[in-house]
Visitor: 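Sharing a structure with you now.
Counting begins at 1 with the first residue of the sequence.
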Amino acid sequence: MTRAVRLGPRSLAALVLVSALGVMAFGWPLLAGSASGLAHSQDAPWLFAALLPMLLAVVVATIADAGLDAKAIAMLGVLAAAGAAMRPLGAGTAGIEPMFFLMVLSGRVLGPGFGFVLGSVAMFASALLTGGVGPWMPFQMLSMGWVSMGAGLLPGPGALRGRRELALLSAYGALAAVLYGLIMNLQGWPYIAGMASGVSFVPGAPLHDNLVRFLTYCLATSLGWDLPRALVTVVLTFALGGPLLKALRRATRRAAFEAPVSFGP
């Protein structure tokens, strides 16, 4: 199946590295041991917020150097602009975020490498468009990159079609929408450490205690947004997924990303 970007060993290694460091950046409150300095450090959230943009830039540059040609960059620009324009439509109100279904379908057709770059760039562009620039932005970029990349890794990209494919993408989109909210909560949760609350992060507390606090925090704060986001993604996938998948596949075929270039006399 034609892909806009073929992941080589170097770009694949960069993706694995930034994903591993991203897991640490999100999960350090639960992963750090009680005796470690990181668990008690107030600077850890800011350290990861400063580190992630540089890592994302390296990964995007590596993938671009490995296989993003002019046609793929044009496709990236169009889809990233469309995703950025869709995000303010709901502005996150009650979980109405149509951007998710476009990122999932684009990653499905164009592959995991292109999907990761698209998710990151689209979220960056939407942050500039909506004024949502802050320490949370690199975490959003990484999370959306994972969402779109995961869609490119789903089974049956060359054979599964019709309602079965839409059902697969809907199920994945719903799960990704909920997990996005869950892991983004991990980014903001440590900032409320020390507050007199049963849902606050307690530095150095046992893993089980902090995990219970975190899940309670999610139930109390974001589940009302995460579930509607998942529902909107499912509805849009079933309603618009068929025509959009056909359009993306037609554009991919016509772009002929993998066709060898030759010059006549």
Side-chain angles (χ1 to χ4, degrees), residues 22 26-27 79-108 115-116 118-154 163-189 191-192 197-199 211-245 248:
F26 278 109
L79 291 174
M86 293 177 73
R87 193 177 180 207
L89 293 179
T93 304
I96 302 174
E97 297 184 61
M99 179 185 186
F100 274 77
F101 107 99
L102 178 63
M103 296 297 103
V104 169
L105 268 61
S106 299
R108 169 66 170 178
F116 182 86
L118 173 62
S120 301
V121 172
M123 187 58 76
F124 176 75
S126 70
L128 297 180
L129 185 64
T130 60
V133 178
W136 55 84
M137 187 181 71
F139 293 89
Q140 290 177 326
M141 292 171 60
L142 181 59
S143 300
M144 189 58 76
W146 282 341
V147 168
S148 194
M149 180 179 70
L153 296 173
L154 292 174
R163 300 190 66 85
R164 289 191 302 163
E165 183 178 34
L166 292 180
L168 174 65
L169 293 176
S170 297
Y172 171 79
L175 179 62
V178 173
L179 289 179
Y180 174 88
L182 190 70
I183 62 175
M184 280 306 301
N185 281 340
L186 268 175
Q187 179 269 327
W189 183 51
Y191 289 103
I192 67 171
S197 170
V199 300
L211 185 59
V212 170
R213 291 188 182 94
F214 173 68
L215 293 177
T216 305
Y217 171 78
C218 292
L219 290 173
T221 59
S222 73
L223 197 62
W225 277 261
D226 297 339
L227 293 180
R229 184 194 301 122
L231 179 61
V232 168
T233 302
V234 169
V235 170
L236 289 177
T237 300
F238 273 112
L240 304 175
L244 184 55
L245 286 171
L248 288 171

Visitor: Nearest 0.5 Å please: distance from the OG1 atom of Thr216 over to the CZ atom of Arg213.
Guide: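 Those atoms lie 9.5 Å apart.
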Visitor: Once rounded to the nearest 0.5 Å, what's the spacing between atom CG of Leu179 and atom CH2 of Trp146?
Guide: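 These two atoms lie 11.0 Å from each other.
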Visitor: If every non-hydrogen atom of Leu236 is compared with every non-hydrogen atom of Pro98, which pair is closest and at what distance?
Guide: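 Nearest heavy atoms, Leu236 then Pro98: CD1-CB, 3.6 Å.
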Visitor: Would a 4.5 Å heavy-atom cut-off, applied to side chains only, mark Phe101 and Met86 as touching?
Guide: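 Sidechains of Met86 and Phe101: in contact.
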Visitor: Where do Ala84 and Ala122 come nearest, in terms of heavy atoms and distance?
Guide: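 Looking at all heavy atoms of both residues, the closest pair is CB-O, 4.0 Å.
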Visitor: So, for Tyr172 and Gly150, which heavy atoms are closest and what is the spacing to 0.1 Å?
Guide: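 In terms of heavy atoms, the two residues are closest at OH-CA, 3.2 Å.
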Visitor: Would you say the side chain of Phe124 lies within less than 4.5 Å of the side chain of Pro138, judging by non-hydrogen atoms?
Guide: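 Counting from C-beta outward, Pro138 and Phe124 never come under 4.5 Å.
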Visitor: Could you check if a side-chain atom of Met144 sits within less than 4.5 angstrom of a side-chain atom of Met99, using non-hydrogen atoms only?
Guide: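 SC-SC contact between Met144 and Met99 confirmed.
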Visitor: Assess whether atom CZ of Phe214 is packed by more than 12 heavy atoms of other residues, nucleotides or ligands within 6.0 Å.
Guide: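 Yes, CZ of Phe214 has more than 12 neighbouring heavy atoms, counting only those of other groups under 6.0 Å.
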Visitor: Find the distance between CG (Leu169) and CZ (Arg108) and round it off to the nearest 0.5 Å.
Guide: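 Rounded to the nearest 0.5 Å, the CG-CZ separation comes out at 5.5 Å.
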Visitor: How long is the span from the OG atom in Ser170 to the CG atom in Leu175, to the nearest 0.5 Å?
Guide: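 Answer for the OG-CG pair, Ser170 versus Leu175, is 12.5 Å.
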Visitor: What are the two closest non-hydrogen atoms of Ala174 and Ala230, and how far apart are they?
Guide: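 Closest pair (atom of Ala174, atom of Ala230, distance): O-CB, 3.6 Å.
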Visitor: What's the spacing between Asn185 CG and Trp225 CH2 if we round to 0.5 Å?
Guide: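 Asn185 atom CG to Trp225 atom CH2 measures 11.0 Å (nearest 0.5 Å).
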Visitor: Spell out, as yes or no, whether a donor-acceptor pair under 3.5 Å connects the side chain of Ser126 to the backbone of Met123.
Guide: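 Yes, because the side chain of Ser126 sits within donor-acceptor range (under 3.5 Å) of the backbone of Met123.
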Visitor: Does the side chain of Val121 come within less than 4.5 Å of Leu79's, by heavy atoms?
Guide: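 The answer is no, as the side chains (C-beta and beyond) never meet within the 4.5 Å cut-off.
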Visitor: Give the C-alpha distance, both sets of side-chain angles, the deciding distance and a yes or no for side-chain contact (heavy atoms from CB on, under 4.5 Å) between Phe26 and Ser143.
Guide: CA-CA 10 Å; Phe26 278 109; Ser143 300; 3.2 Å; yes
Visitor: Less than 4.5 Å apart, side chain to side chain, heavy atoms only: is that true for Cys218 and Leu182?
Guide: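 Yes, side chains in contact.
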Visitor: Show your reasoning for whether side-chain contact (heavy atoms from CB on, under 4.5 Å) applies to Tyr180 and Phe100.
Guide: CA-CA 10 Å; Tyr180 174 88; Phe100 274 77; 3.5 Å; yes
Visitor: Taking Ser148 for its side chain and Gly115 for its backbone only, find out whether a donor-acceptor pair lies under 3.5 Å.
Guide: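 Yes, Ser148 side chain to Gly115 backbone: donor-acceptor pair under 3.5 Å.
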Visitor: Indicate yes or no: at least one non-hydrogen side-chain atom of Leu142 is less than 4.5 angstrom from one of Phe116.
Guide: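 Leu142 reaches Phe116 side chain to side chain.
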Visitor: State, to 0.1 Å, how close Gly173 and Val104 come at their nearest heavy-atom pair, and which atoms those are.
Guide: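 Taking every non-hydrogen atom into account, CA-CG2, 4.3 Å.
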Visitor: Closest approach of Leu166 and Gly242, non-hydrogen atoms and distance?
Guide: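 Looks like CD2-N, 3.8 Å.
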Visitor: What distance do Asp226 atom CG and Met184 atom CE have between them, rounded to the nearest 0.5 Å?
Guide: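 Separation between the atoms: 11.0 Å.
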Visitor: After noting the C-alpha distance and the side-chain angles of Leu118 and Met103, does the key distance pass the side-chain contact (heavy atoms from CB on, under 4.5 Å) rule?
Guide: CA-CA 8 Å; Leu118 173 62; Met103 296 297 103; 4.0 Å; yes
